[in-house]
Each structure stands twice: as structure tokens, then as C-alpha cells.
Amino acid sequence: MERQRRRISIVGAGNVADNMAPALDAVADVVTVWSRDISHARNLAAKLRAARPVDSLDDVDTDVDVVIIAVSDDAVALVAAGLPEGRAVIAHTSGTVSLDAISRLRKGVFYALQTFSKGKAVDFADIPFFIEAGDTCSHQTLTELASLLSRRVYDADSTHRAALHVAAVFACNFANSLWTDADMLLLPYGYDISVFGPLLRETLDKALAIGPSAAQTGPAMRRDAKVIDAHRQKLDPELRRIYDTMTQRIIHNHFPDNE
């Protein structure tokens, strides 16, 4: 006998919700979408099969299997406290907010480790999900729901999620900021970051295949002072400070006894 489809409510209409709600609606039934701005709720609901947009927390259907709270970290506790009583597992999507921010018996964390942007769809099948819950039944519900979306579902308490999140800032946010700097360095010469596509893909492929430490290359690895000095002369003071910091970091990581 086929398992009955889960019923879900989505609280939030930002980047995470905009990506997660359609993915959930493909494997479950999203019944309500909340945003404090009703136009945002309507825009997201329009992407789903039969979801009802609402702008009052009192109107969020909590007699469902799971309510997913996908709002800013600072708003999680307040939003969770404002939801009506119901049988649902109330779960937030944050990598840094504690499980205890939700003061309900049936509560959890439904953290997808990915960068999300509106208008850029992602394939959830390979996105790692990290689950925490306040009780065994809620944990099973959230794990089963995540498993409908992804092949990679793990347990992670608040301490582990915090470590994952800060490491992700280095690997994703900081790296992307450096790509922005690289793009700006290229633009005056008629190029942009797209010319680095093969370079960036090969760098990532090597890092995943053999580990980032073994994959490290460049003038700092060669201790090539002449090239490093030539690079520094081309940079404004702010970028030179970043260049020097990253150069010293590579030297520290690979030659700690020769700094």
C-alpha cells in the first residue's frame, strides 16, 4: 500500500523557501505558505500545486505533518512562538539556530547545506540534509521527509551544525567574495569570471578528489617571491592586504616550520 503523502506548511518566502517549497511540493502536499508580505506568499504559492498564501501566523495550518520555518535566524524563535497549536513537527532550516529556539514538544531542525538564490533552481537529490529533533517520532518524520528529497541525510546536533556552518562560510561565502574580486580585476581588461570556468571547476574537482591541501598550487606554494611581489604591485592597498593574508595563510598551512 502506498504511503499517504505528507502535508507541509511553509513559513517564509525568502531564498530557502523559494527553492525548498517547490521541491517539497513535488513529493508532498504544501498546503499553506506564509509571509508577512502577502504578495511574497502569493508569488511562492503560485509556483505550487494548491498552496494557500497567508500573511497571518494564525492562518498557518499546523494540523499537518511538518511546518517548515524558513525565515532569518533572528526571527525563528518569535515566528515559532506565534504559530497556532497543532499536531505538526515545527522545524526550522537554520544552520546556527539552536533546536531550543522552538518551544514546542514536537520540534526539529531541517537544515539543507546549500547556498540558495531566488531564480536559480538547485537539484536537491545530492544536497546534504542535517536533522535534529526533540523526540524520536519527530526525528523519524523529518528524516523520512528529507529522504524524499535527498540521498544524503545525516544527524547533526547544534554543535555539529555550527561547525558545518562556519566551515561553509569559508568554503562558499568567502570563496565567492574572492571570485568577485577576481572578476573586478579582470573587467578593465575586457574579461570576466567566466574565463576562469575551467580553472574553478578543476580546482574544485581536485579538492574533492585528493583534498584541498594536496590540491594547493600557486606562487605561495612555490615560495616564488618575485611573482608574489609583481602581483602585489598591481593591487590597490585593500586587495594587497587580502593577497598578503592569503599568501601567509598558505605558507602557514604548508610550511609552518619555515615561516
Side-chain angles (χ1 to χ4, degrees), residues 6-21 23-24 27-28 30 33-36 57 60 62 64-117 122 124-177 208 211-212:
R6 299 285 190 184
R7 299 177 73 246
I8 311 294
S9 287
I10 303 292
V11 177
N15 292 341
V16 175
D18 192 72
N19 280 267
M20 192 175 288
L24 286 169
V27 298
V30 177
V33 173
W34 173 90
S35 172
R36 63 170 53 90
L57 289 174
V60 174
T62 57
V64 295
D65 295 291
V66 180
V67 175
I68 300 291
I69 298 177
V71 299
S72 64
D73 290 357
D74 291 343
V76 169
L78 183 63
V79 167
L83 290 170
E85 293 297 325
R87 66 179 181 85
V89 180
I90 311 297
H92 71 69
T93 60
S94 172
T96 60
V97 175
S98 168
L99 173 66
D100 293 333
I102 300 173
S103 56
R104 301 290 180 102
L105 290 177
R106 301 199 70 202
K107 60 185 177 181
V109 180
F110 195 72
Y111 175 46
L113 183 53
Q114 181 57 283
T115 174
F116 296 105
S117 297
V122 297
F124 276 84
D126 202 41
I127 294 175
F129 273 80
F130 296 90
I131 304 300
E132 184 180 11
D135 63 276
T136 301
C137 183
S138 297
H139 185 277
Q140 181 177 346
T141 297
L142 294 176
T143 299
E144 289 177 357
L145 183 61
S147 297
L148 293 175
L149 297 177
S150 173
R151 297 183 291 264
R152 305 175 65 187
V153 181
Y154 309 95
D155 293 340
D157 63 16
S158 296
T159 300
H160 286 78
R161 282 199 322 279
L164 287 162
H165 196 270
V166 70
V169 167
F170 276 83
C172 174
N173 305 138
F174 290 173
N176 191 74
S177 181
L208 294 177

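In what follows, residues are counted from 1 in the order of the sequence shown.
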Val30 vs Val33, side-chain contact (heavy atoms from CB on, under 4.5 Å): CA-CA, chis, key distance, verdict: CA-CA 8 Å; Val30 177; Val33 173; 4.1 Å; yes
CG (Leu208) with more than 12 external heavy atoms under 6.0 Å: yes
Lys107/Asp135 under salt bridge (Lys or Arg N to Asp or Glu O under 4.0 Å): CA gap, chis, key distance, verdict: CA-CA 8 Å; Lys107 60 185 177 181; Asp135 63 276; over 6 Å; no
Criterion side-chain contact (heavy atoms from CB on, under 4.5 Å) on Asn19 and Gln114, from CA distance to verdict: CA-CA 11 Å; Asn19 280 267; Gln114 181 57 283; over 6 Å; no
Nearest-0.5 Å distance that lies between atom OG1 in Thr143 and atom CG in Leu148: 11.0 Å
Candidate pair Met20 and Thr93, rule side-chain contact (heavy atoms from CB on, under 4.5 Å), full reasoning: CA-CA 10 Å; Met20 192 175 288; Thr93 60; 4.3 Å; yes
Between CG on residue Leu142 and SG on residue Cys137, distance to nearest 0.5 Å: 9.5 Å
Identified side-chain contact (heavy atoms from CB on, under 4.5 Å) counterpart of Glu132 within the set Ser158, Ser138, Ser98: Ser158
Reference residue Ile8; test side-chain contact (heavy atoms from CB on, under 4.5 Å); the match among Val27, Val64, Ile68: Ile68
Leu149 versus Phe110, closest heavy-atom pair with distance: CD1-CZ, 4.3 Å
Nearest-0.5 Å distance that lies between atom OG in Ser150 and atom CZ in Phe124: 9.5 Å
Aromatic ring pairing His165/Tyr111, orientation class (parallel under 30°, perpendicular over 60°, tilted between): tilted
Asp74 CG to Ser94 OG distance, which is reported to the nearest 0.5 Å: 9.5 Å
From CA spacing to verdict: side chain to side chain donor-acceptor pair (under 3.5 Å), His160, Asp155: CA-CA 9 Å; His160 286 78; Asp155 293 340; over 6 Å; no
Full working for side-chain contact (heavy atoms from CB on, under 4.5 Å) between Arg161 and Val109: CA-CA 10 Å; Arg161 282 199 322 279; Val109 180; 3.6 Å; yes
Distance in Å, Arg151 CZ paired with Ile127 CD1, rounded so as to fall on 0.5 Å steps: 10.5 Å
Side-chain donor-acceptor pair present, Asp73, Thr96, cut-off under 3.5 Å: yes
Residues Asp65 and Arg87 bridged, charged N to O under 4.0 Å: yes
Rounded distance [0.5 Å steps], CD1 in Ile131 versus OG in Ser147: 8.0 Å
Criterion side-chain contact (heavy atoms from CB on, under 4.5 Å) against Trp34, the qualifying member of Ile69, Ile10, Val67, Val71: Val71
